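The model shown is predicted, which means the values in this text are computed figures rather than measured ones.
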Amino acid sequence: PLIPLAIAILRMFTKHPLRRRSPLAPSVESRSLEGKGRIERNELANRRGEISPLTSASCGSFMAKEIVLLGATGSIGTQTLDVCRSHPERLRPVGLSAHSRVDLLIEQAREFAPRRVVITDESKRSTVGPAAFPNGTELRWGEAGIEEMVTDPGADTIVAAMVGAAGLKGTIRGLQAGKNVALANK
C-alpha cells in the first residue's frame, strides 16, 4: 500500500521543471511570459535556468532535486529513500531526521551522506555524537535542528513523513521559507 505513495512522490518531483535544460530538447513555440512575441519554450526555460517540461531526463545533464526528509526512519521515509536510491540522478537527500531510531538514521546517513541529520529525541544526546555520522554531515537536535534543516537554502523540497502533528512546525517553517512540501504523514 505504501509503494504507490512512494511512486506518487517521485512523480511529484519529476513534474516540476528541474534546474537546467538540455540542449538536445525538442523545440516547441510558446507565448513569451515577457510579452515579446513568440519564442521557443526551451529558450524561455533556459532563461529561467530550468529544464523544459518536454525535456527527457536522459537527454543531458541536470542537477538533482535536493530533498529534506522529515521522518526518514519510518515506513514512508524508508520508501522515499528507496525511490532516491533508484533515481540518484533526480533526487538527492540533503537532510534526514528521526525521532528515536538512531541506528537506522546512522545507516541512512552513511549511505546518502546528507549535509544535516536531526534527532528530535533530545534524550539521545548522551548516547549519540557527531562521530557516528560521515564527515561533512552536521548533527543537530530537536525542533531547532528541524527548523535549521528545512530552511537550508540548498534544499528544494521537504518530504514531511512524520507521524501526526510532530512535523507540523517544520512543515510550516519550510513553507514560509518558500520550499515545496510533499505531505506524506499519517
- Task: Output, in order, the C-alpha distance, side-chain angles, deciding distance and verdict of side chain to side chain contact (heavy atoms under 4.5 Å, CB included) for Val117 and Ser97.
- Result: CA-CA 6 Å; Val117 294; Ser97 78; over 6 Å; no
- Output, in order, the C-alpha distance, side-chain angles, deciding distance and verdict of side chain to side chain contact (heavy atoms under 4.5 Å, CB included) for Arg115 and Thr137. CA-CA 5 Å; Arg115 288 192 290 267; Thr137 298; over 6 Å; no
- Item | Check against side chain to side chain contact (heavy atoms under 4.5 Å, CB included), Leu70 and Val68 | CA-CA 6 Å; Leu70 305 178; Val68 168; 4.0 Å; yes
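Under the 4.0 Å criterion applied to side-chain N and carboxylate O atoms, Glu143 and Lys169 are not assigned as salt-bridge partners. Under a 4.0 Å N-O distance rule, the pair Glu122/Arg125 qualifies as a salt bridge.
Nearest approach of Pro134 to Ala109, heavy atoms of both residues: CG-O, 3.3 Å. When every heavy atom of Ala182 is checked against every heavy atom of Thr157, the shortest pair comes out as N-CG2, 4.5 Å. Looking at every heavy atom in both residues, Gln108 comes nearest to Ala72 through NE2-O, 2.9 Å. Closest approach of Trp141 and Val118 over heavy atoms only: C-CG1, 4.3 Å. Residue Gly77 comes nearest to Ala161 through the heavy atom pair N-CB, 4.1 Å, listed as atom of the first residue, atom of the second, then distance. Residues Met149 and Gly95 share a closest heavy-atom pair of SD-CA, 3.4 Å.
Atoms CG and CG, from Leu81 and Leu96 in turn, are 6.0 Å apart once rounded to the nearest 0.5 Å. Distance CZ/Arg85 to CG/Leu91: 12.0 Å, rounded to 0.5 Å. One finds the CE atom of Met63 at 9.5 Å from the CZ atom of Arg92 (value rounded to the nearest 0.5 Å).
Contact annotation: the side chain of Val94 never approaches that of Ile67 to less than 4.5 Å [non-hydrogen atoms, C-beta and beyond].
Of the possible polar contacts, none joining the Thr73 side chain to the Leu104 backbone as a donor-acceptor pair under 3.5 Å is found. Side-chain N or O atoms of Asp121 include none that pairs as donor or acceptor with a backbone N or O of Ser100 at under 3.5 Å.
Judged as a side-chain contact (heavy atoms from CB on, under 4.5 Å), and not counting sequence neighbours, the contacts of Ala177 are Thr151, Lys179. With sequence neighbours left out, the side-chain contact (heavy atoms from CB on, under 4.5 Å) criterion links Ile172 to Leu168, Gln176.
Val159 and Val163 fall into different hydrophobic clusters, where Ile, Leu, Val, Met, Phe, Trp and Tyr residues are linked whenever their side-chain heavy atoms come under 4.5 Å apart, directly or through other members. Residues Leu105 and Val128 share a hydrophobic cluster, clusters being chains of Ile/Leu/Val/Met/Phe/Trp/Tyr side chains in contact below 4.5 Å.
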